[in-house]
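Quick caveat, the model's predicted, so the values are computed rather than measured. Count residues from 1 along the sequence. Quick note: numbers below take in every heavy atom, side chains included, and nothing from hydrogens, waters or symmetry partners.
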Amino acid sequence: NCSTSPTGFGTIQKFTREQLADLGHIPAPMPAITLLDDGFGDIFDCPYGEQFDGAGNLWVSNRFNSNLVQFTPDQLNVGGVQFPETQIGSADFYQPEDIRFDSAGTLWIADIAENQVDAFTAATLASAQGTTSTIPPDIVNTSASLGGPSAIAFDKTGNQWVANCID
């Protein structure tokens, strides 16, 4: 959620498999767990893209904080206000939206305002683990065909597909 109560900076919510299976009977379930901002925009400011890594950590792009934050499985099980274990900012980010891991563990970030797709390799993410860092992406795709990239997908052969909002 980009901007919701009680803080106005957004939340991350978990709905269980059982809740999803029962949507025909209970179409508006309460979230099983909610991660909240601290009320000052220090954790979230329009959380947008989410993706789990192989260790079960949740990575989130903050569209208006222009950063990536990462939460451990233990933090996710507790919910509430949890300060991210890892925060990555970059001068290359302006409004990161969707994020996706590829099969090599590289995290790709669609930046709608910069008209580019950035990436951090698995090694870079591992070295940033547990820190608050400002680092340049390992890979930057600034193809002239990108116009407001907002979503990323990989097909089974590893090709990257990017949804553009502006053509």
Side-chain angles (χ1 to χ4, degrees), residues 1-16 19-20 28-53 56-102 106-120 124-125 128-142 146-154 160-167:
N1 295 317
C2 192
S3 179
T4 55
S5 297
T7 65
F9 292 103
T11 61
I12 300 289
Q13 298 176 330
K14 172 186 175 180
F15 295 92
T16 66
Q19 287 175 305
L20 297 177
M30 293 297 297
I33 294 176
T34 300
L35 292 176
L36 301 166
D37 186 72
D38 63 350
F40 299 101
D42 295 326
I43 301 169
F44 297 126
D45 195 356
C46 193
Y48 212 91
E50 301 174 296
Q51 186 83 129
F52 284 94
D53 65 20
N57 297 305
L58 178 65
W59 290 85
V60 179
S61 64
N62 271 310
R63 186 171 183 197
F64 300 133
N65 272 354
S66 300
N67 68 355
L68 299 171
V69 294
Q70 175 257 322
F71 299 94
T72 66
D74 288 341
Q75 290 176 303
L76 297 175
N77 288 331
V78 173
V81 176
Q82 297 288 327
F83 285 91
E85 177 178 277
T86 305
Q87 296 184 52
I88 298 175
S90 177
D92 287 272
F93 293 162
Y94 187 65
Q95 289 185 0
E97 289 196 354
D98 192 34
I99 59 176
R100 287 288 171 257
F101 281 100
D102 66 16
T106 298
L107 182 60
W108 295 84
I109 305 103
D111 193 312
I112 193 167
E114 287 293 325
N115 289 320
Q116 64 190 34
V117 177
D118 303 313
F120 293 103
T124 298
L125 294 174
Q129 190 84 22
T131 69
T132 297
S133 307
T134 300
I135 53 178
D138 296 308
I139 305 164
V140 178
N141 178 356
T142 58
L146 294 173
S150 60
I152 304 167
F154 290 92
Q160 184 183 79
W161 295 81
V162 180
N164 288 315
C165 286
I166 304 164
D167 54 359

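Aromatic ring pairs are classed by plane angle as parallel below 30°, tilted from 30° to 60° and perpendicular above 60°; the pair F44 and F71 is tilted.
With sequence neighbours excluded, the residues satisfying side chain to side chain contact (heavy atoms under 4.5 Å, CB included) with F52 are L58, L76. Considering only residues two or more places apart in sequence or on other chains, Q116 meets the side chain to side chain donor-acceptor pair (under 3.5 Å) condition with D118. Here D42 pairs with D38, F40, F83 under the side chain to side chain contact (heavy atoms under 4.5 Å, CB included) rule; sequence neighbours left out. Qualifying side chain to side chain contact (heavy atoms under 4.5 Å, CB included) partners for N65, counting only residues two or more places apart in sequence or in other chains: D45, N62, N67. Legend: residues meeting salt bridge (Lys or Arg N to Asp or Glu O under 4.0 Å) with D98, ordered by chain and number and at least two apart, are R100. Under the rule for a ring pair (Phe, Tyr, Trp, His ring centres under 6.0 Å), Y48 has no partner lying at least two apart in sequence or in another chain. Listed by chain and number, the residues in a side chain to side chain donor-acceptor pair (under 3.5 Å) with T34 amount to none (sequence neighbours excluded). When the side chain to side chain donor-acceptor pair (under 3.5 Å) test is applied to T131, the partners found at least two apart in sequence or on another chain are S133. Partners of D111 according to the side chain to side chain donor-acceptor pair (under 3.5 Å) rule, which considers only residues two or more places apart in sequence or in another chain, do not exist here. Looking at residues two or more places apart in sequence or on another chain, you find a side chain to side chain contact (heavy atoms under 4.5 Å, CB included) between P29 and F15, Q19, L23, I26.
A heavy-atom distance below 4.5 Å is found between the side chains of N164 and L146. Counting only heavy atoms from C-beta outward, the side chains of S90 and I135 never approach each other to under 4.5 Å. At a threshold of 4.5 Å between non-hydrogen side-chain atoms, the residues I43 and V69 do not count as touching. Using a 4.5 Å heavy-atom cutoff, the side chains of L125 and I88 are in contact. For the pair I109/D92, no side-chain contact is recorded, criterion being any heavy-atom separation below 4.5 Å from C-beta on. Residues Q160 and I152 meet the side-chain proximity criterion, which asks for heavy atoms closer than 4.5 Å.
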Open item on the list: Would V162 and W108 count as a side chain to side chain contact (heavy atoms under 4.5 Å, CB included) here? Give the steps.
Closed with: CA-CA 11 Å; V162 180; W108 295 84; over 6 Å; no

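Heavy-atom minimum distance, A32 versus T16: CB-CG2, 3.6 Å. Closest approach of Y94 and S66 over heavy atoms only: O-OG, 2.6 Å. Minimum heavy-atom separation, A151 to A110: N-CB, 4.1 Å. Nearest heavy atom pair, residue C165 against residue S150, reads SG-OG, 3.4 Å. When every heavy atom of G148 is checked against every heavy atom of N115, the shortest pair comes out as N-OD1, 2.5 Å. Counting all heavy atoms, side chain and backbone alike, L35 lies closest to Q75 at CD2-O, 4.0 Å.
D53 contributes atom CG, which lies 5.0 Å from atom CZ of F101 (distance to the nearest 0.5 angstrom). Expressed to the nearest 0.5 Å, how far OG of S61 lies from CG of L107 amounts to 9.0 Å.
With a 6.0 Å radius and a threshold of 12 heavy atoms from other residues, nucleotides or ligands, F64 has its CZ atom above the threshold.
Within the structure, salt bridge (Lys or Arg N to Asp or Glu O under 4.0 Å) pairs that include any residue of residues 61-88 comprise R63-E97 (at least two apart or interchain).
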